[in-house]
Amino acid sequence: MAFVQLGADNKVLKESIQSKLEAAKVKSEPCDAKLYDFDDVFYRLFIDPDDRSKLLITLTTPNWSAIRSNGAEEILKEKCGDYLTNFNADGAQFTVNLDDEKARDQSVEIAQSFSKLRIYTLGGPLYKYARALQ
């Protein structure tokens, strides 16, 4: 029997966000990237060609309706709330202001926190239940 241990973070998502933030120091380029993760989690990174001042990050998961009120929404607000735009029927949307010098300077930290979106989202119910035990 083989066992594959996956890391908590999505390295492709992390590197993609970090490179977009670092590139914004010079010039932000349009982007429409779609990334897929385990557990049917889907991400979209989008920089509008007409408004290159924002990086939009969308998280979609098919089981969102079941986990949203059971801790997923709460943990996303806690971990990525500074960038949270809204919640929708399938997941969450985030916006990172590329004109913000602080965001560009903290590209590593911001990318690291977004690289764990799948863990935060799908682990939301577990976080909620563990806190209830404290």
Side-chain angles (χ1 to χ4, degrees):
M1 176 196 260
F3 177 74
V4 177
Q5 183 176 1
L6 302 174
D9 60 341
N10 181 314
K11 293 188 185 331
V12 174
L13 181 63
K14 177 184 174 184
E15 291 172 8
S16 298
I17 292 172
Q18 186 175 342
S19 70
K20 293 300 173 193
L21 290 171
E22 290 173 355
K25 293 177 183 177
V26 179
K27 182 181 178 187
S28 181
E29 293 294 330
C31 170
D32 191 1
K34 296 173 177 132
L35 308 169
Y36 295 87
D37 204 342
F38 294 96
D39 301 316
D40 292 328
V41 175
F42 166 74
Y43 310 98
R44 181 178 182 211
L45 307 179
F46 183 74
I47 300 175
D48 191 324
D50 298 326
D51 180 9
R52 299 179 188 190
S53 66
K54 295 179 278 195
L55 169 61
L56 305 174
I57 303 166
T58 304
L59 166 100
T60 305
T61 183
N63 60 351
W64 178 249
S65 62
I67 62 175
R68 178 179 183 172
S69 62
N70 288 312
E73 188 173 310
E74 180 182 332
I75 196 72
L76 286 178
K77 285 179 183 176
E78 179 183 318
K79 300 293 187 178
C80 301
D82 292 344
Y83 306 101
L84 183 62
T85 307
N86 66 11
F87 293 105
N88 58 39
D90 299 319
Q93 295 179 332
F94 306 87
T95 302
V96 180
N97 184 353
L98 296 176
D99 289 339
D100 182 6
E101 188 175 325
K102 181 180 173 185
R104 293 189 309 253
D105 291 341
Q106 294 180 341
S107 61
V108 174
E109 294 84 2
I110 292 170
Q112 182 63 36
S113 66
F114 278 109
S115 74
K116 296 180 181 177
L117 279 178
R118 178 179 58 89
I119 298 300
Y120 297 150
T121 304
L122 300 181
L126 183 59
Y127 282 108
K128 181 179 180 178
Y129 299 136
R131 285 183 180 154
L133 294 174
Q134 293 179 350

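Just so you know, these numbers come straight off a predicted model, no measurement behind them.
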Next on the checklist: Using modelled atom types and a 3.5 Å cut-off, is there a donor and acceptor pairing between side-chain atoms of R104 and backbone atoms of L98?
Outcome noted: yes

Checklist entry - For the residue pair R118 and F38, what are the closest heavy atoms and their distance? => result CD-O, 3.3 Å

Checklist entry - Is a side-chain N or O of D9 found less than 3.5 angstrom from the main chain of K11, in a donor-acceptor match? => result no

Checklist outcome for this item: Closest non-hydrogen atoms of Y120 and K79, given as atom of the first, atom of the second and distance, are CE1-CB, 3.5 Å

Checklist entry - Would a hydrophobic clustering, with Ile, Leu, Val, Met, Phe, Trp and Tyr connected at side-chain separations under 4.5 Å, put V96 with V108? => result no

Checklist entry - If you measure from CG on N10 to CG on D37, what distance do you get to the nearest 0.5 Å? => result 4.5 Å

Next on the checklist: Please check: side-chain N/O of S28 versus main-chain N/O of R52, any donor-acceptor pairing under 3.5 Å?
Outcome noted: yes

Checklist entry - For the residue pair D99 and S53, what are the closest heavy atoms and their distance? => result OD2-CB, 3.1 Å

Item to check | Exercise: identify the closest heavy-atom pair between I75 and G124 | outcome: CG2-CA, 3.9 Å

Checklist entry - Would a line drawn from the ring center of F114 to the ring center of Y83 be shorter than 6.0 Å? => result yes

Next on the checklist: Here's a test for you: under side-chain hydrogen bond (donor to acceptor under 3.5 Å, both in side chains), which of E22, K14, K20, E15 qualifies with Q18?
Outcome noted: E22

Next on the checklist: When you compare the side chain of L122 with that of T61, does any pair of heavy atoms fall below 4.5 Å?
Outcome noted: yes

Checklist outcome for this item: Closest non-hydrogen atoms of I110 and A103, given as atom of the first, atom of the second and distance, are CD1-O, 3.5 Å

Checklist outcome for this item: So CD1 of I17 and CG of L13: to nearest 0.5 Å the spacing works out to 4.0 Å

Checklist entry - Would a distance-only check, ignoring hydrogens and angles, find a side-chain to backbone donor-acceptor pair under 3.5 Å from S19 to S16? => result yes

Next on the checklist: With heavy-atom distances below 4.5 Å as the criterion, would you say the side chains of D100 and Q106 are in contact?
Outcome noted: no

Checklist entry - Q93 versus F46: any side-chain heavy-atom pair under 4.5 Å? => result no

Item to check | Considering all heavy atoms, the nearest V12-L35 contact | outcome: CG1-CD2, 3.9 Å

Next on the checklist: Any side-chain to backbone donor/acceptor pair from S113 onto C80? Under 3.5 Å, distance only.
Outcome noted: no

Next on the checklist: Could you check whether any side-chain N or O of K128 sits under 3.5 Å from a backbone N or O of S69, counting only pairs where one atom can act as donor and the other as acceptor?
Outcome noted: yes

Checklist entry - Is it true that I47 and F42 fall in one hydrophobic cluster, defined by side-chain heavy atoms closer than 4.5 Å? => result no

Checklist entry - So do L56 and R44 actually touch side chain to side chain, heavy atoms under 4.5 Å? => result no

Checklist entry - Out of curiosity, Y127 OH to E74 CD, how far, rounded to the nearest 0.5 Å? => result 11.5 Å

